[in-house]
Amino acid sequence: MSALTDMLADWMPGQRWFGGKGREWAGVTEEGFFLDQSDPALSVHRVRVEYTDGASDTYLVPLSWRSAPAEELSTAFVGAVSGSHGENYAYDAMRDRDATVPWLTHLVAASTVGPMRFHPAGVAYIPEGLPGDVISTEQSNTSLVFGETAILKLFRRLEPGLNPDVEIHDALRQAENQHIAGLLGYIEVDDPNGLEPATVAMLQTFVPNASDGWRLATSSVRDLYAEADLHADEVGGDFAGESERLGEATASVHADLAQVLPSEPADRDWYATVAGQMTARLEAALAVVPDLAEHADALRSLYAAVADTTEPVVRQRVHGDLHLGQVLRTTTGWIVLDFEGEPARPLAERRELDTPLRDVAGMLRSFDYAARHMLVEQPDDPQRAYRAQEWAERNRRAFCEGYSAAGGVTLSSDSALLRAFEADKAVYECVYEARNRPHWLMIPLSSLSRLAAGN
Ligand SMILES: Nc1ncnc2c1ncn2[C@@H]1O[C@H](COP(=O)(O)OP(=O)(O)O)[C@@H](O)[C@H]1O
Ligand SMILES: O=P(O)(O)O[C@H]1O[C@H](CO)[C@@H](O[C@H]2O[C@H](CO)[C@@H](O)[C@H](O)[C@H]2O)[C@H](O)[C@H]1O
């Protein structure tokens with residue numbers, strides 16, 4: 001391995017966006033090019049990590065380079081590499097403001113730099129020449145905000161094919177949907193093996209003065225905990241009205257997606273395929289989260305029932321990973337973000353037709369999460385557990401009512417299919433939490449106790 005790959009191999013596993021946590025590495029290779037040669041220079045690297053199980057992932061890593069250490073960037077320091085003129089100090093370029101300007105300069109110019117192509121959407125002004133600030137809520141990807149005008153999301157894991165985030169935002173723009181932020185452009189990189197180009201980044205209009213749904217929902221839960229004698233509908237921070245509007249917004253997004261992109265009724269084979277996928281996901285998750293074993297038989301039965309259900313289902317494009325952290329409350333209503341699907345799924349799978357029930361289940365799970373995350377510190381407090389359940393039920397119901405009213409469907413809490421999708425999501429969350437936030441694993445695990453028991 002070169003000094004550069006050694007450096008990246010040391011640094012990457014500690015990054016939030018790195019999805020291979022807990023997996024054993026068999027090797028790492030890197031291929032890079034410069035996007036800008038000024039000081040600091042900006043280079044972009046495709047880093048391929050091979051795991052001992054034979055799988056591999058390719059990550060996009062932009063680095064900024066300085067000839068002397070920059071004290072103020074100490075938390076963004078990646079490592080030093082010796083060059084012909086002495087040491088070169090590498091920093092996480094997304095946290096080095098001085099190295100963020102070239103992204104928009106190239107987008108405005110519709111440049112091609114080496115294998116990277118910049119595509120402005122040509123619909124609105126792109127704020128060229130400004131540095132970008134990395135957002136603090138970094139999750140699977142890394143985003144830069146440019147002057148409260150535009151937000152550039154860098155997709156960390158590269159896969160051949162158009163990223164569904166770009167594809168779906170473009171489709172909803174055509175449908176003039178009111179619940180999305182505008183698409184300003186995107187960036188792609190050619191595949192080294194001649195496959196389809198991978199989407200590297202997406203530029204969107206920044207929605208100012210907005211709060212994400214997770215923050216709003218959890219403050220409502222906090223209000224409820226603070227009022228020992230009042231119920232969820234009596235406290236000032238009641239969230240049910242927002243949950244209902246969120247249900248309406250979700251239904252509007254689904255209706256437009258069904259209209260502008262392909263959709264069809266699910267045939268009988270689909271039910272058996274989905275039951276098989278859910279079971280396979282459970283079996284794989286059992287190897288990562290041994291605590292799932294106590295629910296495994298009940299979940300297998302729940303999934304087996306999916307193959308026999310007669311509930312009608314429409315197959316269409318959906319969000320794929322809808323939760324409260326993916327929605328923004330603006331001064332006028334709810335905006336839905338991040339149509340990328342579950343980051344751990346292969347891209348081809350994320351672009352397949354799915355059912356809107358997957359999104360509904362994701363949001364229902366999120367109400368459980370918001371209600372229960374404060375129980376992590378006090379799991380044995382029965383009063384708080386009772387209030388959490390009450391809050392979750394009230395908001396789950398309100399969301400379903402809003403969705404049903406706006407979508408012309410009736411979402412039933414008795415639906416075996418919806419329950420199976422909720423359980424499937426909770427199994428995914430168990431793996432996600434075990435790898436990223438082990439102290440939160442109890443949240444999806446306790447929901448699985450409820451779902452497996454049929455409550
Ligand atoms: N268009 C936007 N306007 C304002 N804030 C945004 C916008 N897009 C994303 N954000 C903020 O960035 C966060 C992360 O964006 P998201 O698309 O969910 O990225 P990730 O794939 O990393 O989860 C969101 O939770 C939101 O706070
Ligand atoms: O936002 P991402 O696309 O990165 O989604 C991943 O991370 C989410 C956590 O940030 C994770 O969501 C889980 O935790 C949320 C609270 O932090 C909760 O609202 C969600 O319901 C729960 O699933 C998501 O699953 C994961 O894909």
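All ligand and atom numbering here is 1-based and tracks the order in the structure.
Protein neighbours of ligand 2 below 4.0 Å, counting non-hydrogen atoms: R16, Q139, S140, W214, D321, H323, Q326, D338, P343, S366, Y369, Y428, E429, Y432, R437, W440.
If you number the atoms of ligand 1 from 1 as listed, the ones under 4.0 Å from a heavy atom of Q326 come out as 18 (O). Residue N141 has at least one heavy-atom neighbour below 4.0 Å for each of these atoms of ligand 1: 20 (P), 21 (O), 22 (O). Listed by atom number, the atoms of ligand 1 under 4.0 Å from D338 heavy atoms are 16 (P), 17 (O), 18 (O), 19 (O), 20 (P), 21 (O), 23 (O). Close contacts of ligand 1 with A181, meaning ligand atoms under 4.0 Å from a residue heavy atom, involve 1 (N). With ligand atoms numbered from 1 in the order given, ligand 1 contributes 25 (O) to contacts under 4.0 Å with heavy atoms of G325. Counting atoms of ligand 1 from 1 in the listed order, those under 4.0 Å from a heavy atom of I135 are 12 (O), 13 (C), 14 (C). Near L328, meaning under 4.0 Å from any of its heavy atoms, are these atoms of ligand 1: 3 (N), 4 (C), 5 (N), 6 (C). Every atom of ligand 1 is numbered from 1 in the order shown, and the set under 4.0 Å from a heavy atom of S140 is 22 (O).
Heavy atoms of T205 found under 4.0 angstrom from ligand 1 belong exclusively to the backbone.
Screening residues 316-332 for salt bridge (charged side-chain N to carboxylate O under 4.0 Å, His left out), with sequence neighbours left out, gives E167-R317, E242-R329, D321-K425.
With D165 as the partner, the salt bridge (Lys or Arg N to Asp or Glu O under 4.0 Å) test is satisfied by one option alone out of K153, R351, R350: K153.
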Take R450 and E422 through the salt bridge (charged side-chain N to carboxylate O under 4.0 Å, His left out) test and state the conclusion after the steps.
CA-CA 11 Å; R450 172 178 66 79; E422 267 200 76; 3.6 Å; yes
Using salt bridge (charged side-chain N to carboxylate O under 4.0 Å, His left out), reason through E283 and R300 one step at a time and then give a plain yes or no.
CA-CA 9 Å; E283 303 306 338; R300 287 188 192 108; 2.8 Å; yes
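Ligand 1 lies out of reach of A210, whose nearest heavy atom is not under 4.0 Å from it.
Between the side chains of Q15 and D92, no donor N or O sits under 3.5 Å from an acceptor N or O. Judged purely by distance below 3.5 Å, without hydrogens or angles, the side chains of T142 and R156 pair a donor atom with an acceptor atom. In the model, S447 has a side-chain atom that pairs as donor or acceptor with a side-chain atom of R365 under 3.5 Å. S366 and H323 share no side-chain donor-acceptor pair at under 3.5 Å.
Taking a 6.0 Å sphere around CD of E176, one finds it holds 12 or fewer heavy atoms contributed by other residues, nucleotides or ligands.
Looking at residues two or more places apart in sequence or on another chain, you find no ring pair (Phe, Tyr, Trp, His ring centres under 6.0 Å) involving W334. Looking at residues two or more places apart in sequence or on another chain, you find a ring pair (Phe, Tyr, Trp, His ring centres under 6.0 Å) between F339 and H169, H319.
The heavy atom nearest to atom 26 (C) of ligand 1, considering only D212, T330, L337, is found in L337.
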